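Below is one structure; the comments refer to it alone.
Because the structure is a prediction, the values reported are computed rather than measured.
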Amino acid sequence: MPSFLDFEKPIAELQARIDELRESDADGAVDISAEVGKLQAKSDKLLKDTFAKLTPWQKTQVARHPERPHFRDYVAGLFDEFLPLAGDRAFADDQAILGGFATFRGRRVMVLGHEKGDDTASRLRHNFGMGKPEGYRKAIRLLELADRFALPVVTLVDTSGAFPGIQAEERGQAEAIARSTEACLALGVPMVASVVGEGGSGGAVALASGNRVLMFEHAVYSVISPEGCASILWRTADKAPEAAEAMKVTAQDLKALGVIDAIVREPVGGAHRDPAAAIASLGDAIDGALGAMAGMDAAALRRDRRDKFLKMGRIG
């Protein structure tokens with residue numbers, strides 16, 4: 001049973017009723033299969049109808065769902081022979097950003113991305129996916145290795161933003177993010193970035209400046225969190241739903257604006273309800289994107305990436 005979000009309360013109530021009926025029929029004395037079937041059909045329809053018309057703020061909640069697949073789940077489900085690489089060769093190893101060599105459907109690749117963790121201990125260890133300067137410098141090292149060995153790059157973006165602590169600022173957070181973005185843009189190999197949950201601020205862009213940017217249909221991608229935007233504009237985070245609406249954070253909005261290239265479908269109710277199906281769907285999208293760039297040389301790939309980002313926001 002997944003954890004239900006606030007707007008899913010009617011679905012949760014129906015599911016609780018179904019569970020009660022099943023428990024009451026543990027001895028099989030009364031046949032309640034017909035009643036359970038009707039309630040389940042009603043629950044499934046309500047789930048489908050609810051997720052067909054989510055608001056941007058509701059999509060933000062889905063994108064942050066703690067049971068959504070994370071970096072390690074995608075690596076386990078899509079990549080073979082994963083060889084993690086650690087450290088930035090200057091300060092430390094940041095566990096919020098992970099990466100290494102791997103094999104993806106017969107191709108040798110470099111895969112890297114944010115890891116949020118899936119329980120209290122791992123979330124603390126991975127700093128909730130908020131990368132520090134050493135994390136982005138590790139990313140730069142891995143990107144340069146990929147370029148050196150002519151390996152396509154696959155990134156999995158899922159962060160509320162780079163770590164904003166004073167220690168990170170002292171160690172050059174802004175410079176590290178800028179250099180990581182620059183390293184993405186300079187690659188002479190194909191790069192496919194996927195926003196799988198939250199794509200927050202420069203902490204996301206630093207790993208998402210690829211030739212192709214994919215995005216799950218219930219993921220979000222923005223320059224600041226809705227709460228952060230609301231706190232600036234209205235001096236209260238209570239206005240986050242209004243901020244999310246105005247910021248155009250959804251995959252559908254960003255595809256229309258040309259910020260992303262493709263929307264990856266999720267199972268009904270979100271990726272957390274069927275992680276295996278979500279992971280497989282993303283794998284197909286990444287495979288297609290890499291295949292489309294197979295014949296491009298380094299100059300063409302850099303030109304393609306440059307043109308992609310320069311035309312964003314252009315009018316006429």
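A donor-acceptor pair under 3.5 Å is formed between the side chain of Thr181 and the backbone N or O of Ile177. Remark: side-chain polar atoms of Glu227 are not paired, donor with acceptor, to backbone N or O of Ala237 under 3.5 angstrom. Looking only at distances, a side-chain donor or acceptor of Asp73 sits under 3.5 Å from a matching main-chain atom of His70. Distance alone, capped at 3.5 Å, places no donor-acceptor pair between the Ser281 side chain and the Ala277 backbone. No donor-acceptor pair closer than 3.5 Å links the side chain of Gln58 to the backbone N or O of Phe7. With hydrogens and angles disregarded, a donor-acceptor distance shorter than 3.5 Å links the side chain of His114 to the backbone of Gly203. At distances below 3.5 Å, at least one donor-acceptor pair connects side-chain atoms of Asp93 with backbone N or O atoms of Gly87. At least one donor-acceptor pair closer than 3.5 Å links the side chain of Ser201 to the backbone N or O of Val223. Although no hydrogens or angles enter the test, the distance criterion places a donor-acceptor pair under 3.5 Å between the side chain of Ser209 and the main chain of Val205.
Note on Met247 and Leu257: separate hydrophobic clusters, where clusters join Ile, Leu, Val, Met, Phe, Trp and Tyr whose side-chain heavy atoms are under 4.5 Å apart, directly or indirectly. Following chains of ILVMFWY side-chain contacts shorter than 4.5 Å, one cannot reach Phe128 starting from Tyr74, and the two form parts of different hydrophobic clusters. Note on Ile166 and Phe91: separate hydrophobic clusters, where clusters join Ile, Leu, Val, Met, Phe, Trp and Tyr whose side-chain heavy atoms are under 4.5 Å apart, directly or indirectly. Follow the hydrophobic side-chain contacts under 4.5 Å out from Leu14 and you reach Leu5 in the same cluster. With hydrophobic clusters built from ILVMFWY side chains whose heavy atoms lie under 4.5 angstrom apart, Val36 shares a cluster with Leu47.
Here CE of Met191 is found 8.5 Å from CG of Leu185. Values are rounded to the nearest 0.5 Å. The distance from atom OH of Tyr221 to atom CG of Leu254, rounded to the nearest 0.5 Å, is 8.5 Å. A distance of 6.0 Å separates NZ in Lys138 from CG in Asp94, rounded to the nearest 0.5 Å. For the atom pair Glu8 CD and Gln15 CD, the distance stands at 11.0 Å (nearest 0.5 Å). Here the straight-line distance linking atom CD of Glu198 with atom OG1 of Thr60 works out to 7.5 Å at 0.5 Å rounding. To the nearest 0.5 Å, atom CD of residue Glu266 and atom CZ of residue Phe51 are 8.5 Å apart.
Remark: Arg137 does not engage Glu134 in a salt bridge, criterion side-chain N to carboxylate O under 4.0 Å. The pair Asp119-Arg125 fails the salt-bridge criterion, with no side-chain N (NZ, NE, NH1 or NH2) lying under 4.0 Å from an Asp/Glu carboxylate O. Of the charged side-chain nitrogens involved, at least one lies within less than 4.0 Å of a carboxylate oxygen, so that Asp49 and Lys45 count as a salt-bridged pair. We find that Lys116 and Asp158 are joined by a salt bridge, their nearest charged nitrogen and carboxylate oxygen being less than 4.0 Å apart. For Arg212 and Asp304, the salt-bridge test passes: some basic side-chain N is under 4.0 Å from an acidic carboxylate O.
A pairwise comparison of heavy atoms in Phe309 and Gly210 identifies CE1-O, 3.5 Å as the closest pair. Heavy atoms only, all atoms of each residue included: His272 and Arg68 are closest at CB-N, 3.7 Å. Residues Phe71 and Gly113 share a closest heavy-atom pair of CE1-N, 3.3 Å. Shown here for Ala208 and Val213, the closest heavy-atom pair between the two residues is O-CG2, 3.4 Å. The minimum heavy-atom distance linking Met110 with Ala146 is given by the pair CB-CB, 3.8 Å. Taking every heavy atom of both residues into account, Arg305 and Val189 meet most closely at NH2-O, 2.9 Å.
Dense packing is recorded around CG of Leu83, with more than 12 heavy atoms of other residues, nucleotides or ligands lying under 6.0 Å away. In Lys42, the NZ atom is not crowded: 12 or fewer heavy atoms of neighbouring residues, nucleotides or ligands sit closer than 6.0 Å. The environment of CZ in Arg306 is sparse: at most 12 heavy-atom neighbours from other residues, nucleotides or ligands sit within 6.0 Å.
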**OP:** Show your reasoning for whether side chain to side chain contact (heavy atoms under 4.5 Å, CB included) applies to Val62 and Phe216.
**Re:** CA-CA 11 Å; Val62 176; Phe216 266 132; over 6 Å; no
**OP:** Go through the steps to decide whether Lys239 and Leu233 satisfy the test side chain to side chain contact (heavy atoms under 4.5 Å, CB included), and finish with yes or no.
**Re:** CA-CA 9 Å; Lys239 291 283 189 177; Leu233 295 181; over 6 Å; no
Original post:
Are Ile260 and Val195 close enough, and set up right, to give a side chain to side chain contact (heavy atoms under 4.5 Å, CB included), and what steps lead you there?
Top reply: CA-CA 9 Å; Ile260 65 168; Val195 182; 5.6 Å; no
**OP:** Test Asp284 against Arg105 for salt bridge (charged side-chain N to carboxylate O under 4.0 Å, His left out), laying out the working first.
**Re:** CA-CA 10 Å; Asp284 291 341; Arg105 299 188 179 182; 2.9 Å; yes
Original post:
Do Ile286 and Ser194 pass the side chain to side chain contact (heavy atoms under 4.5 Å, CB included) test, and can you show the C-alpha distance, the side-chain angles, and the key distance before you say yes or no?
Top reply: CA-CA 8 Å; Ile286 293 172; Ser194 302; 3.8 Å; yes
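Under the 4.5 Å side-chain criterion, counting only non-hydrogen atoms from C-beta, Gln173 is in contact with Tyr136. Counting only heavy atoms from C-beta outward, the side chains of Ser225 and Arg64 approach each other to under 4.5 Å. Residues Ser43 and Ile11 have side chains in contact (heavy-atom distance under 4.5 Å, counting atoms from C-beta outward). Under the 4.5 Å side-chain criterion, counting only non-hydrogen atoms from C-beta, Leu78 is not in contact with Val111. The side-chain heavy atoms of Val220 and Pro56, taken from C-beta on, include no pair separated by under 4.5 Å. Residues Ile97 and Thr159 fail the side-chain proximity criterion, which asks for heavy atoms closer than 4.5 Å. Counting heavy atoms from C-beta on, the side chains of Glu67 and Ser3 come closer than 4.5 Å. No side-chain heavy atom of Val259 sits less than 4.5 Å from a side-chain heavy atom of Met215.
In this structure Arg141 satisfies the side-chain contact (heavy atoms from CB on, under 4.5 Å) test together with Leu85, Arg89, Leu145, sequence neighbours excluded. Residues satisfying the ring-ring contact (aromatic ring centres under 6.0 Å, His included) criterion with Phe104, sequence neighbours excluded, are Phe79.
Screening Val192, Leu187, Val153, Leu301 for a side-chain contact (heavy atoms from CB on, under 4.5 Å) with Asn211, the sole residue that qualifies is Leu301. With Glu217 as reference, Arg265 is the one residue of Gln252, Lys59, Arg265 to meet the side chain to side chain donor-acceptor pair (under 3.5 Å) rule.
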